[in-house]
Amino acid sequence: KEYNRKVRDANVDLEDKLEDVDIEAGRARIRQAQDFADKRLKIEEDYQRKIAEIRRKYAFDLEEAARQNDAIAYLRLLRQRDFDLNEARIDRDESLGDVDGDEGRKTAEAARKRKEDEEDARRSHKRKLRDLNQWLDDQEADIQKDYKREIEAQIVHEEQKRADMMKNFK
């Protein structure tokens, strides 16, 4: 009975540990998703700020070139503005790519950690069961020793009784 209770307790403990691993992995996934969403949002905000800054920077110069009917300056400013806008877009895309790469690495690392935690819990459970089996074997050995001692004591007692009866009989 005690052995069965201890095995049940060990199994419940394993289930609890695996549930804890699942809960922690879920929490980590949520934190990670929030962190990377925040990074993407910041990149997009920075990009929008750069775009607005570039447009403001060139708006005045383009207006001035148009007023002066300087088509060459106007076209040069348009090309430079488009180049700067494209550079900002490229920078944003590279930053988002870096974030995606980081997220992929973190996701793989989290999956590896979860697997390791599950393996640790299972290994601990296996050790508990091994220890319980050893405890059961020890209990059985003790019972066998006690039984053997009891039988030997009964034999000695019976021999003593017989010897006493023989002594009384003579």
Side-chain angles (χ1 to χ4, degrees), residues 1-140:
K1 274 186 169 180
E2 186 176 357
Y3 172 78
N4 290 335
R5 182 187 55 76
K6 288 183 178 192
V7 169
R8 261 192 324 273
D9 290 347
N11 289 335
V12 167
D13 188 43
L14 173 63
E15 289 172 11
D16 290 346
K17 284 182 180 179
L18 291 176
E19 182 181 355
D20 290 346
V21 167
D22 285 343
I23 289 169
E24 181 53 35
R27 287 178 180 160
R29 237 185 346 265
I30 290 169
R31 282 191 305 268
Q32 179 180 319
Q34 186 62 50
D35 288 346
F36 284 104
D38 290 346
K39 287 179 182 181
R40 285 183 182 94
L41 181 62
K42 183 178 179 336
I43 289 169
E44 189 60 35
E45 287 171 346
D46 289 347
Y47 171 69
Q48 293 300 326
R49 199 172 13 265
K50 279 183 186 176
I51 295 296
E53 183 181 312
I54 290 168
R55 288 186 176 142
R56 267 193 311 275
K57 175 182 162 188
Y58 286 101
F60 177 77
D61 292 341
L62 285 169
E63 189 179 313
E64 186 66 27
R67 250 185 275 155
Q68 293 178 1
N69 287 328
D70 189 350
I72 293 174
Y74 188 84
L75 289 175
R76 184 177 40 77
L77 287 169
L78 278 178
R79 277 194 308 270
Q80 185 62 44
R81 183 197 65 184
D82 290 346
F83 177 81
D84 289 351
L85 290 172
N86 194 43
E87 284 294 312
R89 197 171 303 112
I90 290 170
D91 289 346
R92 179 203 56 191
D93 292 346
E94 286 176 355
S95 294
L96 288 173
D98 291 345
V99 168
D100 290 344
D102 289 346
E103 185 175 28
R105 282 187 292 282
K106 293 265 184 174
T107 299
E109 182 180 320
R112 181 195 49 75
K113 182 184 181 327
R114 178 183 181 164
K115 184 178 178 187
E116 286 176 0
D117 290 347
E118 286 176 351
E119 289 171 354
D120 289 348
R122 291 182 196 288
R123 196 171 25 260
S124 175
H125 180 256
K126 189 175 179 180
R127 278 193 297 268
K128 280 183 184 179
L129 292 180
R130 184 194 63 219
D131 292 346
L132 283 173
N133 285 328
Q134 183 61 52
W135 173 83
L136 183 62
D137 290 346
D138 293 346
Q139 293 292 317
E140 288 175 356

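In this structure, CD on Glu103 lies 11.0 Å from CG on Leu96, to the nearest 0.5 angstrom. Once rounded to the nearest 0.5 Å, the distance linking NZ of Lys17 with NE2 of His125 reads 9.5 Å. The distance from atom CG of Asp137 to atom CG of Leu132, rounded to the nearest 0.5 Å, is 11.0 Å. Of the inter-residue distances, the one linking Lys126 atom NZ with Leu129 atom CG reads 10.0 Å to the nearest 0.5 angstrom. In this structure, the separation between CG on Leu41 and CG on Asp46 is 9.5 Å, given to the nearest 0.5 Å. Glu2 contributes atom CD, which lies 10.0 Å from atom CG of Leu136 (distance to the nearest 0.5 angstrom).
Using a 4.5 Å cut-off on side-chain heavy atoms (C-beta onward), Ile23 and Arg27 make contact. Looking only at side-chain heavy atoms (C-beta outward), Glu140 and Tyr3 stay at 4.5 Å or farther from each other. Looking at Asp91 and Lys50, their side chains come closer than 4.5 Å, going by heavy atoms from C-beta outward. Counting heavy atoms from C-beta outward, Asn4 and Val7 have side chains that stay 4.5 Å or more apart.
Under a 4.0 Å N-O distance rule, the pair Glu109/Lys113 does not qualify as a salt bridge. A salt bridge does not link Arg123 to Glu116: none of the charged nitrogens lies less than 4.0 Å from a carboxylate oxygen. Between Asp117 and Arg114 there is no salt bridge, since none of the side-chain N atoms of the basic residue sits less than 4.0 Å from a carboxylate O of the acidic one. Classification of Asp38 and Lys42 as a salt-bridged pair fails, no side-chain N sitting under 4.0 Å from a carboxylate O. Classification of Asp9 and Lys6 as a salt-bridged pair fails, no side-chain N sitting under 4.0 Å from a carboxylate O.
Across Gln32 and Ala110, no two heavy atoms sit closer than the pair OE1-CB, 4.4 Å. Heavy atoms only, all atoms of each residue included: Leu14 and Ala121 are closest at CD1-O, 3.6 Å.
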Taking distance alone, no hydrogens or angles, what donor-acceptor pairs closer than 3.5 Å link side-chain atoms of residues 51-66 to residues at least two apart or in another chain?
residue : atom : partner : partner atom : Å
Tyr58   : OH   : Asp84   : OD2          : 2.6
Glu63   : OE2  : Arg67   : NH2          : 2.6
Glu64   : OE2  : Gln68   : NE2          : 2.9

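Counting only N and O atoms by type, the side chains of Asn69 and Tyr74 include no donor and acceptor under 3.5 Å apart. For the residue pair Glu15 and Asn11, no side-chain donor N or O sits within less than 3.5 Å of a side-chain acceptor on the partner.
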Next on the checklist: Ser95 vs Arg92, test: side chain to side chain contact (heavy atoms under 4.5 Å, CB included). Steps then yes/no.
Outcome noted: CA-CA 5 Å; Ser95 294; Arg92 179 203 56 191; 5.7 Å; no
Checklist entry - Between Phe83 and Arg79, is a side chain to side chain contact (heavy atoms under 4.5 Å, CB included) present by the stated rule, with each step listed? => result CA-CA 6 Å; Phe83 177 81; Arg79 277 194 308 270; over 6 Å; no
Next on the checklist: Could you go through Val99 and Asp102, starting from their C-alpha distance and side-chain angles, then the distance that decides it, and tell me whether this counts as side chain to side chain contact (heavy atoms under 4.5 Å, CB included)?
Outcome noted: CA-CA 5 Å; Val99 168; Asp102 289 346; 5.5 Å; no
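No more than 12 heavy-atom neighbours from other residues, nucleotides or ligands sit within 6.0 angstrom of CD1 on Ile72.
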